[in-house]
Number of protein chains: 2
Amino acid sequence: MEVTTYSETEFSPRQQEVLDVVLALLVEGRDGLTMTAVARRASCSKETLYKWFGDRDGLLTATVRWQASKVRAGNWDRQHLDAHALSESLEAFAANWLTVISSRTSVALNRVAIADAGSGKSDLGGIVLANGRLAIGERLKPLLEAAREAGLLLFDDTEVAFRTFFGLVGRDVQIRLLLGDPLAMSRAEIAADAARATRQFFTLFGAAKPAPGTNRN
Amino acid sequence: MEVTTYSETEFSPRQQEVLDVVLALLVEGRDGLTMTAVARRASCSKETLYKWFGDRDGLLTATVRWQASKVRAGNWDRQHLDAHALSESLEAFAANWLTVISSRTSVALNRVAIADAGSGKSDLGGIVLANGRLAIGERLKPLLEAAREAGLLLFDDTEVAFRTFFGLVGRDVQIRLLLGDPLAMSRAEIAADAARATRQFFTLFGAAKPAPGTNRN
DNA sequence: TCTGTACCGTACCGTACGGTACGGCGTCAA
DNA sequence: TTGACGCCGTACCGTACGGTACGGTACAGA
């Protein structure tokens, strides 16, 4: 096994090309993803595919990891956490997450992971879960707790607070997209949704209650 | 084509047996569902299967319809709608819906619908969407609007209010279950979640604001 | 009793896809 | 120059599954 120079990345550039082909084929339709199709589109041989990724599941797993490594959201500013900065950070989180889950790539990948989760082996669902729902939770919770210590938020259980925020942001968007609802989210709608969710979250958990009627829409 | 006596039901008793077999196989694992397996388990011939349901997609579609016809939630009481009755109705809706989406059957069926939604044909996703997310919306919205007219709730857009309720109830439950998270929801947890979501919903949209701090968990 | 019908069980067909084998080509180091 | 290596392209294999055909049986009506 040769020591390569791209040690910080999990996959070689050529392998990344292949994985991007997988993503593209996945977006075009689940059943278009055959090993032969990947090999042809990526201009590589099936033998190489099997050598690099083991089998079909290995290829899918690598693809999920590759995609996950591409969507790492920015962190929040740890300094001067006032109400405004908190609100900005929450909105940014929400907008980023909505953008991710409404992307065609994410929808396609979640579809294969969900389909796979029914069939026992090669825990794709677990990987997607770890890099999606759980990862965002682990990144957001410190912010929530810092806000609580700063006296900006009021809650007992961080997990409950986070899950509520999650629900307010996502609502029915993900399940509708997964089921094929032609729901299009423009940048403006995403921004508006992120703002609304943040507003509602403040109403529920904010230490200083805003004026009533603020969250009617 | 013989006129049968079960005209109010979409499927004959024998056909319902077959569809229940499909559901059972689906729960046991997506890839266990082959036409041969269905025929063997249901003690019928594949020829009959194809005669009744056309093809594999037809069988799946019929199964989704059959399951949808089994989960029709109870309606709310149209009379004397006070704050208490409204709260009870919302909690009942929430608990019923959480029970449905956390059932193994629902998870399995949503998985096949989602897998299918990626592959163009035989709009299973649309059927599930129509009988799930959209159906519950159409049943809940009249209650919300009646409550608004009774001065119990305050909102501009019924859809927005409903979707918020949807998010508060479901949060991350459905996506986690679909992705294979071993999340178990006991009756007690479901009841608690329904109550919490209803409480939070009242905080956001209730005409009379409850005391602050009620929704901290 | 005869005939038609609906259905079960099973054998069969075609195909598509995962996985393997192999020949050929470019590259690099000795 | 030569040999080893990595990779491309393609041909090939086995199998599993969707879909069809067909013989056998039970039953209903004439």
Side-chain angles (χ1 to χ4, degrees), chain A residues 1-7 11-22 24-26 28-64 108 111-112 115-116 118-122 124, chain B residues 1-7 9 11-22 24-26 28-64 111-112 115-116 118-122 124:
Chain A
M1 194 67 68
E2 187 86 3
V3 173
T4 50
T5 57
Y6 42 85
S7 54
F11 304 106
S12 75
R14 183 71 178 103
Q15 288 173 334
Q16 293 178 13
E17 274 183 52
V18 172
L19 297 179
D20 280 329
V21 164
V22 175
L25 283 171
L26 235 36
E28 292 172 21
R30 264 197 79 237
D31 43 354
L33 188 82
T34 67
M35 300 301 277
T36 305
V38 173
R40 190 157 39 217
R41 181 83 69 96
S43 293
C44 72
S45 73
K46 284 170 69 176
E47 194 174 22
T48 304
L49 244 38
Y50 284 101
K51 181 173 187 179
W52 282 347
F53 303 106
D55 57 2
R56 190 175 188 275
D57 281 325
L59 178 60
L60 284 181
T61 304
T63 304
V64 170
R111 283 199 181 125
V112 302
D116 183 273
S119 324
K121 52 176 299 195
S122 83
L124 288 187
Chain B
M1 195 67 68
E2 185 87 2
V3 172
T4 50
T5 57
Y6 43 83
S7 54
T9 70
F11 305 106
S12 76
R14 184 71 179 103
Q15 288 173 336
Q16 293 177 16
E17 275 183 51
V18 172
L19 297 179
D20 280 329
V21 164
V22 175
L25 283 171
L26 233 36
E28 291 172 22
R30 265 197 78 236
D31 43 355
L33 188 82
T34 68
M35 299 302 277
T36 305
V38 173
R40 189 157 40 219
R41 180 82 70 95
S43 292
C44 72
S45 73
K46 284 171 68 175
E47 192 173 26
T48 303
L49 244 38
Y50 284 101
K51 182 173 185 178
W52 283 346
F53 303 105
D55 58 1
R56 190 174 188 276
D57 281 325
L59 179 61
L60 257 335
T61 303
T63 304
V64 169
R111 283 197 180 127
V112 302
D116 184 272
S119 323
K121 52 175 300 195
S122 83
L124 288 186

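Chain A is the first sequence line, chain B the second, and so forth, proteins listed ahead of strands; every chain is numbered from 1. Since the model is a prediction, treat every value here as computed from it, not as a measurement.
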Spacing of B:Arg14 atom CZ relative to D:dA26 atom C1', expressed in whole Å: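 Those two atoms, CZ and C1', are 14 Å apart.
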Whole angstrom value for the distance that separates P of D:dT10 from CG of A:Leu49: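 In whole Å, D:dT10 P and A:Leu49 CG are 15 Å from each other.
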Nearest heavy atoms of B:Arg111 and A:Gly118, plus distance in Å: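 Looking at all heavy atoms of both residues, the shortest contact is NH1-CA, 3.6 Å.
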Let me have a per-nucleotide readout for nucleotides 15-28 of chain C, 5' to 3', with B, S or -, counting only protein heavy atoms under 4.0 Å. --SSBBBB------
Between A:Leu60 and A:Asp116, is there a side-chain heavy-atom distance shorter than 4.5 Å?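 A side-chain contact under 4.5 Å is absent here.
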For a 4.5 angstrom cut-off between non-hydrogen side-chain atoms, does B:Leu19 reach B:Leu59?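 Yes, side chains in contact.
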Mind checking what makes side chain to side chain donor-acceptor pair (under 3.5 Å) contact with B:Arg30, not counting sequence neighbours?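 Here no residue qualifies.
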Might you work through the side chain to side chain contact (heavy atoms under 4.5 Å, CB included) test for B:Glu17 and B:Cys44, ending with a clear yes or no? CA-CA 10 Å; B:Glu17 275 183 51; B:Cys44 72; over 6 Å; no
According to a strict under-4.0 Å criterion, is B:Trp52 in side-chain N/O contact with OP1 or OP2 of C:dC7?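 True: B:Trp52 side-chain N/O within range (under 4.0 Å) of C:dC7 OP1/OP2.
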